[in-house]
Amino acid sequence: MATTFELISSVTVGAGGASSIDFTSIPATYTDLCLVFSLRSSDGSDYCGLKFNNSSSSFSSRQIYGNGSGAGSTTRSNNDLTAVQTPSSYTSNTFSNNAIYIPNYAGSANKSYSRDSVFENNGTNAIQTLEAGIWSNTSAINQVTLVHPSATFVQYSTAYLYGVSNA
Amino acid sequence: MASTYEPIATTTLGSGQGLVTFASIPATYTDLRLVYTGTGSATIPFALQFNNDTGSNYSYTLLYGTGSSAASTRGTSQTEGYVGNVWTDQNTIIVDIMNYSNTTTYKTQISRANSAGNRVAAWVNLWRSTAAINKIDITATGGGSYQTGSTFTLYGIKAA
């Protein structure tokens with residue numbers, strides 16, 4: 001039987017940092033994609049952006065979040081706050097954790113996705129976010145990019161792209 | 001090495017249906033994961049019934065965000081297990097059914113149910129039965145249907 005949950009590609013950021021993490025030439029042979037990543041920022045940014053097929057257009061989402069002192073819900077009509085990263089001033093050696101699940105990424109419908117994101121740093125600031133997102137584009141996804149808004153992801157940030165097959 | 005994560009069955013709808021069934025589920029896994037993506041004819045429930053149990057043996061707690069507010073609600077003694085809603089825009093539901101094949105504990109499910117145009121939600125549902133789950137009916141109660149092209153995939157996950 002073909003492997004159901006298979007690593008497609010991985011990235012570990014090196015000493016120079018990276019302004020983006022890019023997965024290209026994603027084969028259309030799986031059913032779903034699962035992107036699992038852990039980030040820390042070189043500046044005070046606590047969010048980063050997401051692109052599909054190098055596009056920032058046609059993203060929208062609805063989020064529920066908690067930060068340790070309150071909870072709320074927001075909507076967004078773009079992709080610029082789509083995943084969390086631990087800011088540079090927070091407790092050292094701590095990185096965020098994110099998982100994005102994209103079912104039927106190669107199909108002909110709009111691409112809905114589910115995101116879970118957290119960072120905890122034994123301080124007064126923390127984020128936990130659940131997101132319902134959609135890329136209103138019927139193209140198959142062949143590229144997934146995480147984009148830092150202003151600086152870089154630091155060394156030891158990681159990202160793993162898995163393919164999930166239903167047969 | 002035994003495979004940890006295996007597809008058991010998948011259904012892609014060729015026409016609208018209000019009921020999708022996974023039957024004869026083997027007891028050889030530890031947990032199950034059900035992945036749905038698709039659209040509904042209207043805003044309809046994504047509700048589970050196990051082993052043909054239509055009794056008042058289900059309960060749920062829900063945490064959700066509408067985009068303007070966050071809230072929580074619950075339901076007890078339900079006749080089906082609510083783990084999400086399906087909306088008319090493309091949406092995704094992922095349900096984890098832990099320890100489904102044991103015969104000593106009640107069965108808990110957790111789900112992430114997402115519609116970017118409507119709601120982001122996390123559900124927990126309890127089926128008060130110690131029976132091993134061998135059948136899952138997914139029902140759109142209230143007369144609605146899951147639309148053409150909607151896909152339902154059941155995976156088995158092994159702990160050893």
Side-chain angles (χ1 to χ4, degrees), chain A residues 1-7 30-34 50 58-67 70-79 82 99-117 128-138 162-167, chain B residues 1-12 29 33-39 62-72 84-96 110-123 147-158:
Chain A
M1 182 194 305
T3 301
T4 302
F5 198 96
E6 187 170 40
L7 179 67
Y30 301 98
T31 309
D32 307 332
L33 295 177
C34 182
L50 174 71
S58 306
F59 283 87
S60 61
S61 67
R62 206 159 294 253
Q63 304 177 1
I64 185 170
Y65 64 87
N67 59 14
S73 184
T74 62
T75 59
R76 296 203 62 81
S77 57
N78 54 41
N79 70 325
T82 308
I100 296 178
Y101 196 94
I102 313 164
N104 282 358
Y105 73 101
S108 58
N110 290 333
K111 307 302 181 293
S112 68
Y113 62 88
S114 175
R115 175 175 66 86
D116 292 1
S117 297
Q128 182 171 15
T129 307
L130 307 179
E131 180 181 71
I134 191 164
W135 185 47
S136 296
N137 189 309
T138 57
Y162 299 92
V164 184
S165 298
N166 72 355
Chain B
M1 181 195 315
S3 181
T4 300
Y5 196 97
E6 293 181 351
I8 297 173
T10 190
T11 297
T12 300
Y29 301 98
R33 170 168 276 198
L34 174 63
V35 178
Y36 161 84
T37 186
T39 59
L62 162 64
L63 170 68
Y64 67 95
T66 64
S68 57
S69 63
S72 183
N85 290 106
V86 170
W87 311 81
T88 56
D89 63 333
Q90 190 75 18
N91 52 109
T92 297
I93 299 174
I94 302 170
V95 186
D96 286 308
I110 55 174
S111 76
R112 292 275 285 104
N114 293 317
S115 167
N118 296 281
R119 176 189 287 188
V120 54
W123 298 70
Q147 297 294 82
T148 301
S150 296
T151 63
F152 305 74
T153 302
L154 186 66
Y155 297 92
I157 303 171
K158 292 184 179 180

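Keep in mind that this is a model prediction, so the values were computed, not measured. Below, chains carry the letters A, B, ... as their sequence lines are ordered, and counting in each starts from 1.
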Query - Contact class of A:S114 relative to chain B, heavy atoms under 4.5 angstrom - result: both
Query - Proximal component of B:S68, with respect to chain A [non-hydrogen, under 4.5 Å] - result: backbone
Report summary line: Heavy-atom closest pair (A:G133 atom, B:A116 atom, distance to 0.1 Å) is C-CB, 3.7 Å
Query raised in the report: Taking atom types as modelled, is there a side-chain donor on A:N104 or B:T37 under 3.5 Å from an acceptor on the other?
Result: no
Report summary line: For A:P103 and B:V35, the nearest pair of non-hydrogen atoms, with its separation, is CB-CG1, 4.4 Å
Query raised in the report: Of the backbone (N, CA, C, O) and the side chain (C-beta and beyond), which part of B:S115 lies under 4.5 Å from a heavy atom of chain A, both, or neither?
Result: backbone
Report task. Find the one option among A:I134, A:D32, A:D116 whose heavy-atom pairs under 4.5 Å with chain B are most numerous. Result -> A:D116
Report summary line: Cut-off 4.5 Å, heavy atoms of chain B, and the answer for A:R115 is backbone
Report task. Output all residues satisfying ring pair (Phe, Tyr, Trp, His ring centres under 6.0 Å) with B:Y155, sequence neighbours left out; order by chain, then residue number. Result -> B:Y5
Requested in this report: Taking all heavy atoms of A:R62 and all of B:R119, pick out the closest pair and write down the distance.
Outcome: CD-N, 3.4 Å
Query raised in the report: Looking only at heavy atoms, what is the nearest atom pair of B:T10 and A:N166, with distance?
Result: OG1-ND2, 3.2 Å
Report task. Select, from B:N91, B:T92, B:D89, the one with the greatest count of heavy-atom pairs under 4.5 Å involving chain A. Result -> B:T92
Query raised in the report: B:A70 and A:S73: which non-hydrogen atoms are nearest, and at how many Å?
Result: N-CB, 4.0 Å
Query raised in the report: Does any heavy atom of chain A fall under 4.5 Å from the side chain of B:I94, the backbone, both, or neither of them?
Result: side chain
Query raised in the report: So B:N114 and A:S112, side-chain contact (heavy atoms from CB on, under 4.5 Å) or not? Walk me through it.
Result: CA-CA 8 Å; B:N114 293 317; A:S112 68; over 6 Å; no
**Report entry** Atom group of B:S69 that falls short of 4.5 Å from chain A, counting heavy atoms
**Finding:** backbone
Query raised in the report: Does B:Q147 CD have over 12 foreign heavy atoms under 6.0 Å away?
Result: yes
Report summary line: Pair count under 4.5 Å, heavy atoms only, with chain A: among B:T39, B:I8, B:I93, B:N118, highest is B:N118
**Report entry** Under 4.5 Å from any heavy atom of chain B - which part of A:Y113
**Finding:** backbone
